[in-house]
> 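I have a structure here, written as structure tokens, and I will follow up with some questions on it.
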Amino acid sequence: MLDLTDLDDATFDYCRKLVIARNDTHAWIKLSNEELLKSCGLMAKDPVTGKIGVKVAALLLFGKDESIASFIPAYRFEAIYRNKTYGRFVLNEVTDSTRYDDRITIRTNLIKAYGLLMDFVYKHLPEKFYLQDGSTQRGDLRANIFREIIANLCVHREYASNEVGLFEIFSDKVRTCNATKFTSSLRTGSISIDELENYTKNPLLFKVFRELGWGEELGSGSRNIKKFAPLYYNNSVIEILNNERFVFSMTYRDVVGDAQASDVNRCENAPAMSVKSCEVGSAVEHNNVNVDKLTSISIGTALVSEFVSGVSDKIALRMAEKIAAIYVVGQLTKKELKEQLELTEEQIKIDLRELSRAKLLEQKGKDKKYMLSEMAQIKISSFWIKM
């Protein structure tokens with residue numbers, strides 16, 4: 001029941017521009033829309049009526065929004081950004097799981113959806129400096145990794161399912177979820193990225209993505225992710241679960257305090273004055289609000305990210321730990337911070353100087369204890385309102 005009028009001419013033209021940029025002699029350039037579809041196997045003869053018609057894969061790739069809404073009403077992607085660690089998100093109450101800092105719902109064709117999802121990546125994930133192999137030309141690690149992840153999310157999905165395709169960004173981890181097993185021939189449960197190299201869920205979709213440069217030969221996506229992920233973040237961890245839902249996750253930044261999402265054991269009798277002594281689940285009272293370690297560090301990370309620039313991820317995390325320690329206790333001397341966080345004199349000196357310069361900390365009293373500035377406290381109050 002599909003025909004060419006259900007497809008979007010502008011999407012075809014956009015695809016031709018993409019292939020011209022890669023190869024100005026590409027066959028698509030001179031093909032009509034119908035010829036292009038036939039060359040990709042996206043048109044076929046209906047075995048009942050004998051008529052040549054458009055396949056659903058063509059609608060997914062090139063369809064008009066109204067046609068997609070009519071024929072595949074449950075189709076959509078949700079891209080969500082939460083400015084908190086994945087561990088913190090998992091530990092939240094159920095009512096908190098619906099809260100987010102940014103979100104887009106995508107119901108357009110896959111060609112446009114891919115671009116919108118990549119824009120979401122560029123908006124919320126950091127760019128890292130990288131020189132391409134054997135050259136002095138700067139490469140884009142972020143694009144190299146996430147174009148593969150986004151392409152996999154779009155291509156390897158069961159579109160007969162009514163469930164959403166989910167792309168989530170946390171402050172330390174990226175996670176995708178499709179309501180499908182990757183393929184029936186791939187074993188279920190926890191699998192490694194190496195096991196994905198010889199499988200594709202929807203070959204017709206993959207073929208078009210490959211022509212557009214969004215997917216190379218079969219298996220290259222997995223190899224690219226493995227190659228570039230450690231360059232983007234040297235402690236990157238990739239986890240894949242292939243059950244009724246296919247879930248992919250990759251850490252791209254330090255998990256604060258090396259805490260894992262599954263580590264929910266409470267530390268009993270831990271001194272409330274010590275941030276480092278508590279596990280993920282432990283908490284202290286701050287201004288009548290129950291504050292766990294991840295929350296205090298997340299607050300510190302948010303402040304440093306907004307008001308301190310030009311420092312490495314490692315130093316930024318170190319500064320966040322200082323803010324977290326002061327936030328929990330109220331005020332600490334330079335010596336107390338040094339002992340509690342087990343840092344050198346030089347590290348303490350540098351961090352306190354930069355945090356004071358950024359007007360996040362100030363010293364008061366005869367003991368010259370460091371405390372959060374009024375500006376920092378106002379900012380933290382706004383964080384709690386969001387949470």
Side-chain angles (χ1 to χ4, degrees), residues 82-89 91-93 96 99 101 170-172 253-259 263 266-267 269-309 311 313-343 347-365 367-387:
R82 295 183 176 92
N83 189 22
K84 62 178 71 176
T85 64
Y86 180 66
R88 172 62 185 167
F89 171 72
L91 292 175
N92 271 343
E93 297 293 331
D96 289 332
R99 298 178 181 178
D101 296 279
F170 298 90
S171 60
D172 61 335
R253 187 177 280 167
D254 286 334
V255 178
V256 176
D258 296 324
D263 186 10
R266 302 275 172 180
C267 61
N269 303 318
M273 296 291 286
S274 173
V275 174
K276 289 180 74 71
S277 64
C278 294
E279 300 296 331
V280 173
S282 61
V284 296
E285 291 291 328
H286 180 89
N287 295 335
N288 298 319
V289 178
N290 192 253
V291 184
D292 64 24
K293 180 183 177 182
L294 279 173
T295 301
S296 59
I297 293 283
S298 295
I299 287 171
T301 301
L303 288 172
V304 171
S305 175
E306 183 168 349
F307 294 100
V308 180
S309 60
V311 298
D313 289 347
K314 184 176 180 180
I315 294 176
L317 176 61
R318 210 170 64 202
M319 291 180 177
E321 290 176 336
K322 291 178 179 61
I323 291 176
I326 294 171
Y327 176 68
V328 169
V329 178
Q331 49 186 290
L332 289 169
T333 65
K334 180 179 177 181
K335 182 180 179 182
E336 287 170 338
L337 281 167
K338 180 174 177 291
E339 291 174 351
Q340 182 171 313
L341 301 177
E342 300 174 2
L343 298 173
Q347 287 172 327
I348 284 286
K349 179 181 177 182
I350 292 172
D351 294 351
L352 291 177
R353 182 187 65 204
E354 292 303 315
L355 290 171
S356 298
R357 182 179 295 170
K359 301 189 184 308
L360 293 175
L361 297 182
E362 55 187 28
Q363 275 184 304
K364 288 186 178 180
D367 295 334
K368 292 187 177 181
K369 290 190 174 184
Y370 283 89
M371 61 187 66
L372 295 175
S373 67
E374 183 178 354
M375 179 191 73
Q377 293 181 47
I378 292 172
K379 195 69 178 177
I380 290 170
S381 296
S382 70
F383 295 155
W384 280 115
I385 291 171
K386 286 183 181 180
M387 294 177 69

> Among L343, L332, V329, which one satisfies side chain to side chain contact (heavy atoms under 4.5 Å, CB included) with L337?
L332
> Determine the minimum heavy-atom distance between A358 and V308, stating which atoms define it.
CB-CG2, 3.9 Å
> Salt bridge (Lys or Arg N to Asp or Glu O under 4.0 Å) with R353: which residues, sequence neighbours excluded?
none
> Within this structure, what is the CG-NZ distance for the pair L361 and K369, rounded to the nearest 0.5 Å?
14.5 Å
> I'd like to know if the side chain of S373 reaches the main chain of K359, judged simply by a donor and an acceptor atom lying under 3.5 Å from each other, with no hydrogens or angles considered.
yes
> Can you check side-chain contact (heavy atoms from CB on, under 4.5 Å) on F307 and M375, steps first, answer last?
CA-CA 11 Å; F307 294 100; M375 179 191 73; 3.9 Å; yes
> Can you measure from NZ (K84) to CG (D172) and round to the nearest 0.5 angstrom?
12.0 Å
> Is K322 close to I348 at the side-chain level, that is, under 4.5 Å between some pair of heavy atoms?
yes
> Ring-plane angle category for F170 and Y86, please: parallel below 30°, perpendicular beyond 60°, tilted otherwise.
perpendicular
> Would you say Q363's side chain and K368's backbone share a donor-acceptor pair under 3.5 angstrom?
yes
> So, for A320 and G300, which heavy atoms are closest and what is the spacing to 0.1 Å?
CB-C, 3.6 Å
> Taking salt bridge (charged side-chain N to carboxylate O under 4.0 Å, His left out) as the cut-off, I'd like each qualifying pair that reaches into residues 323-341, sequence neighbours left out, listed once.
K334-E345
> Output, in order, the C-alpha distance, side-chain angles, deciding distance and verdict of side-chain contact (heavy atoms from CB on, under 4.5 Å) for N83 and T301.
CA-CA 10 Å; N83 189 22; T301 301; over 6 Å; no
> Walk me through it: do L360 and L372 pass the test side-chain contact (heavy atoms from CB on, under 4.5 Å)?
CA-CA 6 Å; L360 293 175; L372 295 175; 5.8 Å; no
> Answer yes or no: is there an ion pair linking R318 with E321, defined by an N-O contact shorter than 4.0 Å?
no
> Can you tell me how far apart CG (L355) and CZ (R357) are? Round to the nearest 0.5 Å.
11.0 Å
